[in-house]
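Throughout, a chain's letter reflects where its sequence line sits, starting with A, and its residues are numbered from 1.
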There are 2 protein chains.
Amino acid sequence: MRSVGSAATGPAPSDATARARIRDAAIELFGRDGYAAASVRAIAEAGGASPALVLHHFGSKEGLRRACDEHVVAELFGMNSRVLADGASDDTATLRRTIGELLAHAAQLRPMIDYLGRMLVDPGPTADALFDALVEQSADMIRAGVADGQMHEPGDLDVTALLVTLHGLSNLVLQRQVARRLGGELLSPAVIARLTLPTLELYTRGLYADERVLDAARAALADPTRADRHPTDPQSTDERTPGP
Amino acid sequence: MRSVGSAATGPAPSDATARARIRDAAIELFGRDGYAAASVRAIAEAGGASPALVLHHFGSKEGLRRACDEHVVAELFGMNSRVLADGASDDTATLRRTIGELLAHAAQLRPMIDYLGRMLVDPGPTADALFDALVEQSADMIRAGVADGQMHEPGDLDVTALLVTLHGLSNLVLQRQVARRLGGELLSPAVIARLTLPTLELYTRGLYADERVLDAARAALADPTRADRHPTDPQSTDERTPGP
DNA sequence: CAGCAGACTAAACGATCGTTCAGCCAATCG
DNA sequence: CGATTGGCTGAACGATCGTTTAGTCTGCTG
């Protein structure tokens, strides 16, 4: 199992090369404060180096951002594939091992998750490609689930994959709010335990007890006399869930 | 119907008082570029004023942020309540009217939605209270839905309300990605039409065809020999949806 | 009419930003 | 051994940042 970092139980931040220390510090600060608000000087200090060394290694602040993008994508995206694969197993031992590994690396994962959230919100060079890849992963997962009868066949696979990706990412992008509401870090055992069942409940039973809303929306969409051009959509602005 | 702005069909940006023009320009730029990356000078220019006037009216850049927070929260949150209420109606005419109004004000809404997304990601003074209020609204909606039998009774209402809020906000926070993938603005008729049915499908049928995953997770959570402290959770890191 | 108040601006302040430059130090190599 | 390279630093550059200051103009009030 190639683990989260090339150094899994990993060298303390003071060990690695200065280049790696600067990159990790940049991921931490970019993720916490955003790209614009994190200064080269602050990153250099957090990495135990001089501002000049930062630019010596990465050319410019933008070059540093690209290096962080690449590193975070490589680490998290590789892990995502593996977790998705392992998570597809109904072997509870495999599940438990995967989650255990996640929790064990929580400290190293959290800055990268913060960074990923920023990537997807700020317009960045790598963010769009990453998002597309995640949507494609979701689509593959749904296709596989449908193929062996474990999932419903969605009416619109592309959009459903998009929605599933969005919903999954919302935990990461709004991690601060999740952690605050649930009283612990996102990757803490307590928070994960609290989230697991309601999430799966939502994904297996849905929210609505019957198909009334769905049918009503279908009818409204087919209705040629509809308001502007179409009706009922729950999450369009700040509305999040439809009434019945 | 108190509409989106105190000026619904609204005065062109050049009409309003300079204070309002500056505030609107700030919402636009804060939302598009983030708080740190949007300079007072750029905001002043976009609002057709001098940088000094910005601080004359709002005291400081942080004061301007507070004014924007208040304004956006008042506009969007009020509208959210109304839309949630109207959306709870099974009268298709009401639904159509609500959506039509949303679309009509899309141009005025979009900057505020961008701003709201930034608010929730950056640590800001108002963001936490707003998020809590949204979760509470979701909880109320679920309670009402359960009361009249339109929704399932969730095992953990608080967490389910949190999840529903997160999922709904993901469309707004990651609006850029949604718009890019679906080839149009989030509040455009085409995008809304494309999103509506898959969203409701997910909320009424769920993703999984049976309760296998849910049962497995329940068993694993109860299992005392679980990995670190608990098992199976789908969305913990960058994993978004569980395989069965 | 004088006088005051508030909207508004041009110019400048100090701080901080990203970046550059000249040079030090240690390891490598011929 | 001397020469060279690359990691690394301190000091400084110009640009831009948020903010302040002094002052102008407009419209109201006594």
Does a side-chain heavy-atom distance below 4.5 Å link A/Gln177 with B/Leu169? no
Are any non-hydrogen side-chain atoms of B/Leu186 and B/Leu172 less than 4.5 angstrom apart? yes
Any non-hydrogen side-chain atom of B/Leu76 less than 4.5 Å from a side-chain atom of B/Leu109? yes
Members of residues 29-42 of chain B that approach DNA chain D, where some heavy atom sits under 4.0 Å away: B/Ala38, B/Ser39, B/Val40, B/Arg41
When rounded to whole Å, the CD1 to P distance for the pair B/Ile22 and C/dA7 reads 11 Å
CG of A/Leu55 versus C1' of D/dC13: gap in Å, rounded? 14 Å
Is any side-chain heavy atom of A/Leu182 closer than 4.5 Å to a side-chain heavy atom of B/Leu162? yes
Sub-3.5 Å pairs of nitrogen or oxygen atoms, protein against nucleotides 7-10 of chain D:
| residue | atom | partner | partner atom | Å |
| --- | --- | --- | --- | --- |
| D/dG7 | OP2 | A/His56 | NE2 | 3.1 |
| D/dC8 | OP2 | A/His57 | NE2 | 3.2 |
| D/dT9 | OP2 | A/Ser50 | N | 3.1 |
| D/dT9 | OP2 | A/Ser50 | OG | 3.0 |

Are the side chains of B/Asp69 and B/Leu130 in touch, meaning some heavy atoms are under 4.5 Å apart? no
Would you kindly give the NZ-to-P distance between A/Lys61 and C/dT19, to the nearest whole Å? 8 Å
Considering only heavy atoms from C-beta outward, does the side chain of B/Leu64 approach that of B/Cys68 to under 4.5 Å? yes
Side chain to side chain donor-acceptor pair (under 3.5 Å), paired with A/Asp114, selected from A/Arg176, A/Arg32, A/Gln175: A/Gln175
Do the ring planes of B/Tyr35 and B/Phe30 sit parallel (below 30°), tilted (30 to 60°) or perpendicular (above 60°)? tilted
Please state how far atom CZ in A/Phe58 lies from atom C1' in C/dG18, giving the value in whole angstrom units. 16 Å
